[in-house]
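Proteins come first, then strands; the chains are lettered A, B, ... in the order of their sequence lines, and each starts at number 1.
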Amino acid sequence: MRDLVSEMARRITVNGLQIARNGTALLDVPHLTLSGPGPTLILGPNGAGKSLLLRCLHGLIAPDKGSVEQDGVPLNADHKARQAMVFQQPVLLRRSVAANLDFVLKRQGLQRVARKTRIADLLAQGGLEGKARQAARSLSGGEAQRLAILRALALDPDTLFLDEPTSALDPGATQVIERMILRASEGGVRIVMVTHDIGQARRLASDVVMMQGGHVVEHGDARQVLDDPKSDASRRYLSGGLVT
Amino acid sequence: MIRNFIRAALVSIGLFSGPALAEEPFIVVQSTTSTQNSGLLDYILPWFEAETGIDVRVVAVGTGQAIRNAINGDGDVLLVHAKADEEQFVEDGWGVERFDVMYNDFVLVGPKSDPAKVKGGSDIVAALTAVSEAEVPFASRGDDSGTHKAEMRHWNDAGVDPAAESGTWYRETGSGMGATLNVASGMDAYTLTDRATWESFGNRGNLEVLVEGDSRLFNQYGVILVNPEKHAGVRAAAGQRFVDWLIGPDGQAAIEAFELNGQQLFFPNAK
Amino acid sequence: MQGFASEFNTAFTLILNGDPELWAIVLLSLKVSVFAVLISALIGMPVGAALAVARFPGRRVLIILMNALMGFPPVVVGLLVYLMLSRSGPLGVLELLYTPTAMIIAQVVLVTPIVAALTRQVVEMLAEEYSEQLRSLGVSRLASVPVLLWDARLALVTALLAGFGRAIAEVGAVIIVGGNINHVTRVMTTTIALETSKGNLALALALGAILIGIAIAVNAMVSTLSLRAEREGLRHA
């Protein structure tokens with residue numbers, strides 16, 4: 001029962017979404033419903049509008065036209081407080097690893113002792129136990145992205161948006177990140193993630209949104225979209241052809 | 001109230017620990033560079049301070065600026081050397097009364113090569129006329145100071161309008177006596193200076209005294225208590241004590257005793 | 001120039017032997033300028049950071065004005081502060097003219113625009129980088145100010161150093177509002193001006209050497225500090 005309610009609350013609906021710059025349409029999505037439980041992967045070539053769509057869903061960018069709704073109501077501050085986002089380039093504060101986590105926990109209103117326990121928990125989850133006092137900006141790329149994910153999870157979000165979090169990482173580091181994402185998903189966090197890596201979509205996705213040229217060309221069950229795409233654009237992209 | 005608060009705040013921060021700002025009575029004297037740079041005030045003030053416990057804080061600027069500062073109320077006593085202006089200052093009500101304190105004299109200094117051929121003379125007007133005719137560099141204070149006013153009187157007597165030559169051989173530095181002597185030393189220029197500043201000046205280069213002894217080069221210093229009726233903040237009682245001391249036997253004796261390079265530089269003449 | 005070398009020697013002997021009068025002057029210089037820089041930091045940093053993150057009409061004009069104020073002639077600042085603090089000025093009752101406090105006020109006026117302008121630059125760059133992440137975390141523009149200030153701390157120390165450099169080396173303003181009164185408001189720069197006007201060029205130069213020495217010492221201290229921070233990875237990328 002509880003799961004049903006929280007799933008309901010995480011249904012994201014997009015209607016008539018449009019963003020244009022200098023007369024060029026960057027994003028044009030008449031209708032899209034992400035009803036979970038995810039993970040949802042948004043797949044497509046560079047410039048397809050994936051990141052832009054993700055930012056609209058998270059409320060970082062206000063569209064020129066159209067609306068984003070969650071559970072039937074326009075995206076509001078309460079929704080946003082229950083969302084978190086991880087960026088392609090992790091933006092870490094110029095402080096220690098632990099202080100990066102402490103920053104968001106303090107904003108959650110946690111007391112000192114509770115924060116300390118939670119930080120230890122989180123660091124263990126991300127395999128960063130020994131690095132609490134190290135400066136965040138001296139971490140390796142994979143470690144930095146792990147910390148960014150941990151910091152996002154520290155917010156205890158309903159929904160976690162990820163924008164190509166592994167695009168700059170080697171396979172080993174990517175695998176660790178993917179495991180963290182799957183574990184979060186199993187823990188009940190709704191995952192919406194952008195990637196251009198077809199293999200990653202296969203490994204993680206429960207449903208896939210295919211995008212090209214600012215449009216959603218296909219949305220459906222991961223296996224169906226990846227193995228039996230309905231649109232020509234999807235087929236070309238998945239067959240490894242250069243899509244422009 | 002606010003003042004006490006600010007002072008308490010500063011003291012509590014420990015900024016001004018030490019004797020400099022201990023809460024002892026003090027007065028501010030607006031005076032000229034010649035009395036300070038020569039070392040006269042450093043020599044005589046400790047006697048007054050020991051006798052009265054009043055700390056004398058000297059702001060040494062040109063006479064013109066010293067008078068203007070005193071008019072603004074930013075001083076308790078005025079000790080300068082431009083008699084006409086001082087009398088005007090008192091007449092306008094800014095000062096209580098003017099007293100003669102001491103005198104010395106101005107001298108014309110210039111390069112040893114003496115291109116204007118004025119060396120050894122004792123007629124300042126004739127010397128300046130020669131300088132203007134030879135069109136050799138002359139450095140002027142140009143700052144409305146007591147020395148500058150004296151210099152302008154002599155040009156006037158010589159019938160020369162140096163302002164018309166400003167920028168050619170006549171160079172107005174617009175700064176203090178020391179700075180002007182540095183300029184004169186640097187460009188081998190003539191300049192009029194009080195003897196005290198000259199005697200204590202360390203960067204003479206090629207300069208030497210060329211003209212002296214003209215009675216018109218007489219340089220009278222006066223002292224005035226700033227009128228407390230114009231500015232309520234004036235420390236009148238302490239200021240009056242300083243004036244009384246300076247023109248009294250102790251102050252006059254101290255001035256008499258001051259020497260630099262074995263030479264007396266100021267001659268007390270309070271009545 | 002005769003005797004210049006020996007005069008220079010005398011001057012340095014005074015310095016090295018810790019002549020108490022000389023060191024009192026050095027100490028007062030440091031106290032006044034350090035205090036002025038601290039006050040400037042308290043005013044200039046929040047103002048600079050606010051200008052970096054806030055968006056309002058007239059912001060560009062304010063930034064241009066602030067940058068221009070960095071080059072404000074010290075003598076003019078001295079005059080303005082004098083007119084305020086003079087007994088015939090609006091703040092005359094405070095009796096602050098010819099005190100170290102007056103010199104601090106003048107230096108604060110000189111240094112605050114430098115601190116504010118440099119803070120604005122540093123924080124604006126950092127704000128660009130942090131912008132999306134902070135908004136994602138729900139941090140408002142106003143609430144982001146202390147975060148950005150703290151994370152820009154190493155660059156801000158450099159801004160403070162620039163301000164300190166201007167304060168301690170400045171003579172035009174402090175000589176007007178301080179009066180160069182012996183034992184009360186005489187600092188290194190006004191002493192240098194005084195000794196120069198007495199023609200004691202060697203002593204003036206020796207004092208200048210101390211001034212440079214202090215500047216080097218302060219910069220070396222901060223450089224060591226930021227080097228250590230760099231080793232610890234706290235420095236800007």
Go through C:Tyr98 and B:Asn69 one step at a time and tell me if the side-chain contact (heavy atoms from CB on, under 4.5 Å) criterion holds.
CA-CA 12 Å; C:Tyr98 304 136; B:Asn69 287 349; 3.5 Å; yes
Quick one: what part of B:Val234 sits under 4.5 Å from any heavy atom of chain C, side chain, backbone, both or neither?
both
Between B:Gln36 and C:Leu194, is there a side-chain heavy-atom distance shorter than 4.5 Å?
yes
Say you draw a straight line from CG of B:Leu45 to CG of C:Asn182; how long is it, rounded to the nearest 0.5 Å?
9.5 Å
When rounded to the nearest 0.5 angstrom, what is the spacing between CZ in B:Arg235 and CD in C:Glu95?
5.0 Å
Please flag which part of B:Asp42 lies under 4.5 Å from any non-hydrogen atom of chain C: side chain, backbone, both or neither.
side chain
Contact part of B:Val28 toward chain C, heavy-atom cut-off under 4.5 Å: side chain, backbone, both or neither?
side chain
How close do C:Leu97 and B:Asp74 get, heavy atom to heavy atom, and via which atoms?
CD2-CG, 3.2 Å
B:Gln30 versus chain C, the contacting section by heavy-atom distance below 4.5 Å:
side chain
Rounded to the nearest 0.5 Å, what separates atom OG in C:Ser197 from atom CG in B:Leu181?
9.5 Å
Whether over 12 other heavy atoms sit under 6.0 Å from B:Glu229 CD
no
Report yes if some heavy atom in the side chain of C:Tyr82 is under 4.5 Å from a heavy atom in the side chain of B:Asn72; otherwise report no.
yes
Between C:Gly89, C:Ser86, C:Gly179, which has the largest tally of heavy atom pairs under 4.5 Å with chain B?
C:Ser86
Whether C:Arg87 side chain and B:Gly233 backbone form a donor-acceptor pair below 3.5 Å
yes
Give, for atom OG1 of C:Thr185 and atom CZ of B:Arg57, the distance between the pair rounded to the nearest 0.5 Å.
8.0 Å
Approximate separation, where rounding is to 0.5 Å, of B:Asn203 CG and C:Thr196 OG1:
9.5 Å
From B:Asn182 CG over to C:Lys198 NZ, what is the distance, rounded to the nearest 0.5 angstrom?
13.0 Å
